[in-house]
K.L.:
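Sharing a structure, written as structure tokens. Questions coming.
For ligands, and for the atoms within them, numbers begin at 1 and follow the listed sequence. Everything numeric here is computed off the predicted structure, so don't read it as measured data.
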Amino acid sequence: MKVKVSRKAHFNAAHRLYRQDWSFEENEATFGKCNNPHYHGHNYELIVSVTGEIDPQTGYVIDMKILKDIIRSEVEDAFDHKNLNIEVPEFKELNPTAENIAVVIYNKIKPKLKRELELEITLYETPRNFVTFTGK
Ligand code: NI
């Protein structure tokens, strides 16, 4: 019997979506406003979900305090109020789309969890646009 537990978090960050090997016009056609050379910000909302067996001793799948601390150190401290393109090494060569940010977050959090726990990352870039990554 497995249970999924989730914690919400958020961070504000700036980004620009573009490819250096494309012309400005090509970037504009593909990325629109997100290609603004002066960058722009989003209020990202994050849901981190962990699925696993309930520990019979504690009754927990994971201690939420532990999950909270992992999210703080791996995501909030690393991304909040940062320019993702410039200040976050993972996005030096990787376009900071919501898809790629979700994958980066997954890859940072997964090694911090017990191996048997499953991880799911849902990231809202706007209230209406969100992506989900489960490591597959
Ligand atoms: Ni954007």
K.L.:
Would you call Glu53 and Glu116 a side-chain contact if the rule is heavy atoms closer than 4.5 Å?
P.N.:
no
K.L.:
Is the closest side-chain heavy-atom distance between Asn12 and Tyr44 below 4.5 Å?
P.N.:
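Asn12 vs Tyr44: side chains apart.
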K.L.:
Indicate if Leu17 and Leu123 have the same hydrophobic cluster label, given that clusters are the connected sets of ILVMFWY residues with side-chain heavy-atom separations under 4.5 angstrom.
P.N.:
no
K.L.:
Would you say the side chains of Arg16 and Asn35 form a donor-acceptor pair under 3.5 Å?
P.N.:
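Short answer, yes.
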K.L.:
Which protein N, O or S atoms lie under 2.8 Å from the Ni ion (ligand 1)?
P.N.:
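Metal shell, protein only: His15 NE2, Cys34 SG, His40 NE2, His42 NE2.
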K.L.:
Please find out if less than 6.0 Å separates the ring center of Phe31 from that of Tyr18.
P.N.:
no
K.L.:
When you compare the side chain of Lys8 with that of Ser6, does any pair of heavy atoms fall below 4.5 Å?
P.N.:
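Sidechains of Lys8 and Ser6: no contact.
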